[in-house]
Amino acid sequence: MNSIANTPGVPGAAQVVNGAERAAQRHPLPPFTRATAMAKVRAAEDGWNTRDPQRVALAYTPDCPWRNRTAFPVGREEIIALLEDKWQRERDYRLIKELWAAEGNRIAVRFAYEWHDGAGNWFRSYGNENWEFDANGLMQVRHASINDMAIDSMERKFHWPLGRRPDSHPGLSDLGL
């Protein structure tokens, strides 16, 4: 007999324990209002700031296709591999996402994140994402366009400790990004 347990730190998410995977709900569910879309965006930001590929991948359907720079992974296993590689290269990663638009089961997001490479060179990456969700609130399609800009360490704007961005930290619009 399977039992379902809550996924720690992910409100509304569940996973199957001791058995086959079932469709888990990830609240809020579509159709999105402005408020629920903003909550979905913040939950995604919080997940990515954990830099935990396994946890992040649970937000996507098992067969979710991505468009991410020059990579086109399909499914959670390929998403996990991409994220593992990403966070080995992109060190001290800190991300802010901001809602751009939402309608029905789709959300458009803009984001920026700061990171450095193994040589200590800092970058700010800017991008836009288009998300489409299934009825359970899992992302079933993700398209991302991302550009990197080299920055001096003195130009950094994301200084919170690694992990979740504090609620008191300014967002992208507040920072002029």
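For clarity, every value in this text was computed on a predicted model and none was experimentally measured.
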| Taking a hydrophobic cluster as the set of Ile, Leu, Val, Met, Phe, Trp and Tyr residues connected by side-chain heavy atoms closer than 4.5 Å, whether directly or through intermediates, do Trp87 and Phe123 fall within one such cluster? | yes
| Partners of Glu98 by side chain to side chain donor-acceptor pair (under 3.5 Å), sequence neighbours excluded? | Arg110, Ser173
| Side chains of Trp66 and Phe72: does their closest heavy-atom pair fall under 4.5 Å? | no
| Straight-line distance of Asn147 CG to Ser125 OG, nearest 0.5 Å | 8.5 Å
| Are His143 and Asn130 close enough that a side-chain donor and a side-chain acceptor fall under 3.5 Å? | no
| Any residue meeting side chain to side chain contact (heavy atoms under 4.5 Å, CB included) with Ser145, in chain and number order, not counting sequence neighbours | Arg67
| said: Is any side-chain heavy atom of Arg55 closer than 4.5 Å to one of Trp48? | reply: no
| remark: For Pro166, the side chain to side chain contact (heavy atoms under 4.5 Å, CB included) test, sequence neighbours excluded, returns Trp160, Ser168, His169
| note | Residue set satisfying salt bridge (Lys or Arg N to Asp or Glu O under 4.0 Å) with Glu45, at least two apart, ordered chain then number -> Arg42, Arg165
| said: Do Met38 and Leu99 have side chains that approach each other closer than 4.5 Å (heavy atoms only, starting at C-beta)? | reply: yes
| Would you call Arg94 and Glu114 a salt bridge, taking side-chain N to carboxylate O under 4.0 Å as the test? | no
| field | ring pair (Phe, Tyr, Trp, His ring centres under 6.0 Å) involving Tyr126 - partner list, sequence neighbours excluded | value | none
| Any side-chain heavy atom of Tyr113 sitting closer than 4.5 Å to one from Glu90? | yes
| In the single-linkage hydrophobic clustering (I, L, V, M, F, W, Y; side-chain heavy atoms under 4.5 Å), do Leu162 and Trp115 co-cluster? | no
| Heavy-atom pair with the smallest gap, counting every atom of Gly171 and Ile96 | CA-CG2, 4.2 Å
| request: Verify the neighbour count for atom CD of Glu103: are there more than 12 heavy atoms of other residues, nucleotides or ligands below 6.0 Å? | output: no
| request: Is it possible for you to say whether Val41 and Val141 belong to one hydrophobic cluster, with membership spreading through side-chain heavy-atom contacts below 4.5 Å? | output: no
| message | Using modelled atom types and a 3.5 Å cut-off, is there a donor and acceptor pairing between side-chain atoms of Gln25 and backbone atoms of Gly137? | response | no
| Looking only at heavy atoms, which two atoms of Ala102 and Ile107 are closest? And how far apart? | CB-CG1, 4.1 Å
| query | For Glu129, what residues pass the salt bridge (Lys or Arg N to Asp or Glu O under 4.0 Å) criterion, not counting sequence neighbours? | reply | Lys97, Arg142
| field | ILVMFWY network linking Leu175 to Met149, side-chain heavy atoms under 4.5 angstrom | value | yes
| Can you name the nearest heavy-atom pair linking Glu84 to Pro53, along with the distance? | CG-CG, 3.6 Å
| said: Checking Thr33 now: which residues fulfil side chain to side chain donor-acceptor pair (under 3.5 Å) with it, not counting sequence neighbours? | reply: Thr36
| field | Cation-pi, Trp122 ring and Arg156 (6.0 angstrom, 45 degrees) | value | yes
| Are Trp100 and Val109 joined in one hydrophobic group, where the rule is that I, L, V, M, F, W and Y side chains link up if heavy atoms are under 4.5 Å apart? | no
| remark: So salt bridge (charged side-chain N to carboxylate O under 4.0 Å, His left out) across residues 168-177, not counting sequence neighbours, yields none
| query | Can you tell if the side chain of Asn128 reaches within under 4.5 Å of the side chain of Phe111, non-hydrogen atoms only? | reply | no
| Close side-chain approach of Leu58 and Arg26, heavy atoms under 4.5 Å | yes
| Quick one: are Leu177 and Phe158 in side-chain contact, heavy atoms under 4.5 Å? | yes
| query | So, for Leu29 and Ala135, which heavy atoms are closest and what is the spacing to 0.1 Å? | reply | CD2-O, 3.9 Å
| Side-chain heavy-atom pair Val56, Arg51 within 4.5 angstrom cut-off | no
| note | salt bridge (Lys or Arg N to Asp or Glu O under 4.0 Å) filter on Asp85, not counting sequence neighbours, yields Arg89
| Partners of Asn105 by side chain to side chain contact (heavy atoms under 4.5 Å, CB included), sequence neighbours excluded? | Pro30, Glu132, Gln140
| said: According to salt bridge (Lys or Arg N to Asp or Glu O under 4.0 Å), who are the partners of Asp148, at least two apart in sequence or on a separate chain? | reply: Arg69
| What's the shortest heavy-atom distance between Ala112 and Leu172, and which atoms? | CB-CD2, 3.7 Å
| Between Ile80 and Gln54, is a side-chain contact (heavy atoms from CB on, under 4.5 Å) present by the stated rule, with each step listed? | CA-CA 6 Å; Ile80 290 167; Gln54 299 285 335; 3.6 Å; yes
| side-chain contact (heavy atoms from CB on, under 4.5 Å) between Leu138 and Tyr60, intermediate numbers included | CA-CA 5 Å; Leu138 296 173; Tyr60 302 91; over 6 Å; no
| query | Short question: side chain of Arg164, backbone of Asn49 - any donor-acceptor pair under 3.5 Å? | reply | no
| message | The criterion is side chain to side chain contact (heavy atoms under 4.5 Å, CB included); which residues satisfy it with Asp152, sequence neighbours excluded? | response | Met154, Glu155
| Taking every non-hydrogen atom, the tightest pair across Asn136 and Ala24 | CB-O, 3.6 Å
| query | Parallel, tilted or perpendicular for Trp131 and Phe133, by the 30°/60° rule? | reply | perpendicular
